[in-house]
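Since the structure comes first, as structure tokens, the remarks are kept for the end.
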Amino acid sequence: MEKGKSFLKQWMFGAVMLAVLVFVGAYNSQAEEIKVGIIGPMKFSLGDHSWKGATLAADEVNAAGGIKLNGKSYQVKLVQADDDCITSIPNAVSAMKRLVNVSKVDFIVGGFRSEAVLAQQEVMADNKIMYLGTGASSPALNERLSKDFDRYKYWFRIGNGNAKVGIPGWFGMIEPVLRAVRTELGIEKPRVALLVDKSKWAEPIAKIGVELFKEMGCEVVGVWRPSATATNVSAELSAIKSANTHVIFTQLAGPSGNAFSRQWGDLKIPAAMAGVNLEAVKEVAWKATGGRCNYLLVSDVVATSSEKTALTKPFLDKFKEKFGERPLYTGSGGYDSIYLLKKLVEQAQSLDSAVLVPALEKMVFVGSMGTLQFTPRDMVNPHDLVWGPGYYWGGIQWIDGTRYDVWPDGHEIHTALQKLGAPKGWDKIRPQGTRDYVLPPWVVEYWKDKK
């Protein structure tokens with residue numbers, strides 16, 4: 001009987017110890033993870049690509065031993081949050097709160113719709129958690145830091161240009177088009193139409209565009225402001241065509257970009273196009289539009305035919321191999337953010353935002369998109385990306401199913417853009433592999449017949 005009791009006691013002791021070991025092991029496993037929340041509209045490609053880029057980077061970092069912190073190796077644990085920001089700002093805020101309060105993430109990466117990200121910044125500030133923004137463009141996201149830095153200092157823009165700071169680049173990208181219209185078609189004063197999303201991020205472009213194009217020697221025929229979610233812009237395009245327009249300058253970040261591409265191609269609008277069209281940036285745009293995006297020139301910081309840094313081509317190839325498509329800028333932003341966080345944590349040897357914020361302010365990080373460096377505290381837009389030659393820039397043109405880098409192309413930019421703050425040196429930048437801009441053949445044919 002005593003032997004039975006002794007055996008039972010030993011068995012119970014062993015069971016308890018096993019449970020303790022399992023618990024401790026699970027706890028240690030959890031403790032040795034650094035959690036990064038990836039937030040965005042996951043049902044849309046811009047959010048999906050943030051997740052895919054971050055996943056690719058996290059897998060690579062973990063396979064290489066993780067993040068080294070205080071003598072230990074931490075695995076990167078990603079937590080996805082579909083914030084439904086395109087249709088609902090309250091949903092976007094709720095998703096942010098879940099990442100912070102339920103998932104207990106250490107960092108947040110992503111964001112897209114500016115109005116939603118502005119609201120998410122309040123959750124960030126309340127919880128003092130670093131938020132690396134990869135998609136939203138509103139200047140207000142960084143300008144609010146200059147008014148209340150201590151509250152909003154945890155925000156850094158990583159993957160998309162400030163709509164105000166990026167103006168010289170977005171307008172500069174139309175210069176190859178104006179040059180071609182003047183030299184190839186003999187039209188000295190091109191007629192320009194502006195087609196700009198009716199969204200917060202695009203307000204500065206709509207306001208400044210008319211005077212800027214006039215200063216660049218153009219005639220502005222009008223400004224059209226379709227909904228970002230428009231599925232039909234034929235009325236706008238018909239009006240633009242009736243105005244005898246030579247060039248269309250677009251700023252389209254939503255689904256309206258696909259409608260523009262299809263209808264511009266279907267109607268063979270006799271006007272060349274340049275600007276922002278996030279739908280046309282996608283590699284799947286060729287198939288999605290049935291090739292109607294042919295000859296569009298659109299802003300894209302992820303080089304395709306040329307190499308911006310030594311990391312660009314390897315990243316593009318790995319993303320394509322893993323996911324079967326080329327990344328959008330949010331994909332590059334997600335990828336670069338994980339590696340940036342690894343470098344930041346390992347250099348600062350801390351997860352404390354109070355330590356990491358000043359450390360990131362001083363960092364220069366070379367990623368797949370270019371060299372990332374942040375604007376200082378004493379500027380009107382602290383923690384913004386430095387934009388320009390050697391940093392963060394680019395424009396691609398679709399030609400017969402292939403995306404080619406065409407800008408910057410080594411030409412001097414207009415003095416009007418220099419007055420807006422365009423950095424010197426664009427006339428000296430032409431990455432290897434960059435092609436010259438090509439006017440759409442139907443535009444050439446139409447206007448040559450009019451002469």
Side-chain angles (χ1 to χ4, degrees), residues 27-40 50-81 96 99-101 103-111 120-121 123-134 145 149-150 152-159 309 311 315 330-377 382-386:
Y27 176 80
N28 285 339
S29 175
Q30 183 180 18
E32 291 174 7
E33 291 178 342
I34 292 176
K35 287 187 177 181
V36 182
I38 309 298
I39 194 166
S50 288
W51 174 255
K52 286 176 176 175
T55 299
L56 183 60
D59 287 347
E60 293 174 358
V61 168
N62 290 339
I67 296 176
K68 304 296 188 291
L69 174 62
N70 297 325
K72 296 176 66 175
S73 293
Y74 288 75
Q75 293 282 287
V76 178
K77 171 70 174 177
L78 300 184
V79 182
Q80 185 186 99
M96 186 81 165
L99 281 179
V100 175
N101 299 321
S103 299
K104 306 290 185 184
V105 297
D106 300 292
F107 303 97
I108 295 175
V109 170
Q120 289 172 342
Q121 282 184 322
V123 181
M124 167 203 77
D126 289 344
N127 293 276
K128 298 183 167 88
I129 186 168
M130 291 184 71
Y131 187 0
L132 309 185
T134 62
L145 273 70
F149 183 81
D150 284 340
Y152 298 108
K153 63 186 177 183
Y154 311 100
W155 164 264
F156 288 82
R157 193 191 303 275
I158 300 294
T309 76
L311 301 177
F315 162 67
T330 53
S332 302
Y335 183 83
D336 285 355
S337 290
I338 300 303
Y339 274 103
L340 182 147
L341 288 173
K342 171 180 166 61
K343 180 179 178 180
L344 176 65
V345 170
E346 290 185 341
Q347 285 188 353
Q349 285 296 292
S350 177
L351 293 176
D352 185 349
S353 294
V355 176
L356 295 176
V357 166
L360 186 51
E361 288 174 335
K362 300 172 185 174
M363 184 180 289
V364 177
F365 176 81
V366 178
S368 66
M369 297 180 290
T371 299
L372 306 186
Q373 188 172 348
F374 302 100
T375 51
R377 297 185 181 194
H383 295 184
D384 219 329
L385 279 176
V386 175

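For clarity, every value in this text was computed on a predicted model and none was experimentally measured. The first residue of the sequence shown is numbered 1, and numbering continues consecutively from there. These numbers come from the heavy atoms of this one structure, side chains and all, not from hydrogens, waters or symmetry mates.
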I'd like to know whether F107 forms a side chain to side chain contact (heavy atoms under 4.5 Å, CB included) with I129, so could you lay out the CA-CA distance, the side-chain angles of the two residues, the decisive distance to 0.1 Å, and finally the verdict. CA-CA 6 Å; F107 303 97; I129 186 168; 5.6 Å; no
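- For the pair T375 (side chain) and D384 (backbone), a donor-acceptor distance under 3.5 Å is present.
- For the atom pair L145 CG and D150 CG, the distance stands at 10.0 Å (nearest 0.5 Å).
- Taking CD of Q120 as the start and CG of L99 as the end, the distance is 9.0 Å to the nearest 0.5 Å.
- Residues passing the side chain to side chain contact (heavy atoms under 4.5 Å, CB included) test with E60 are L56, K318, Y335, Y339, sequence neighbours excluded.
- Applying the side chain to side chain donor-acceptor pair (under 3.5 Å) rule to pairs touching residues 351-367 yields E361-R377, E361-H383, sequence neighbours excluded.
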Any chance you could lay out the side chain to side chain contact (heavy atoms under 4.5 Å, CB included) test for M363 and L340, step after step, and finish with the verdict? CA-CA 9 Å; M363 184 180 289; L340 182 147; 4.2 Å; yes
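- Nearest heavy atom pair, residue Q349 against residue L69, reads C-CD1, 3.3 Å.
- Between F156 and Y131, the distance from one ring center to the other does not fall under 6.0 angstrom.
- For the pair A58 and I338, the tightest heavy-atom approach, listed with the atom from each and the gap, is N-CG2, 4.0 Å.
- Between the CG atom in L132 and the CD1 atom in I38 there is a gap of 9.0 Å [rounded to 0.5 Å].
- Between D106 and K35 there is no salt bridge, since no side-chain N of the basic residue sits under 4.0 Å from a carboxylate O of the acidic one.
- Under a cut-off of 6.0 angstrom, the local environment of NZ in K77 is sparse, with at most 12 non-hydrogen atoms contributed by other residues, nucleotides or ligands.
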Check step by step if side chain to side chain contact (heavy atoms under 4.5 Å, CB included) holds for D336 and F315. CA-CA 10 Å; D336 285 355; F315 162 67; 5.9 Å; no
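- Rounding to the nearest 0.5 angstrom, the gap separating the CZ atom in F365 from the CG atom in L341 is 9.0 Å.
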Can you check side chain to side chain contact (heavy atoms under 4.5 Å, CB included) on V36 and V105, steps first, answer last? CA-CA 5 Å; V36 182; V105 297; over 6 Å; no
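- Taking all atoms of both residues into account, the shortest heavy-atom contact from V76 to N62 is N-OD1, 2.7 Å.
- With rounding to the nearest 0.5 Å, the separation of CG in L311 from OG1 in T309 is 4.0 Å.
- Partners of K68 by side chain to side chain contact (heavy atoms under 4.5 Å, CB included), not counting sequence neighbours, listed by chain and number: S73, E346.
- M124 places none of its side-chain heavy atoms less than 4.5 Å from the side chain of M130.
- Separating the NZ atom in K342 from the CD atom in Q347 is a distance of 11.0 Å, to the nearest 0.5 Å.
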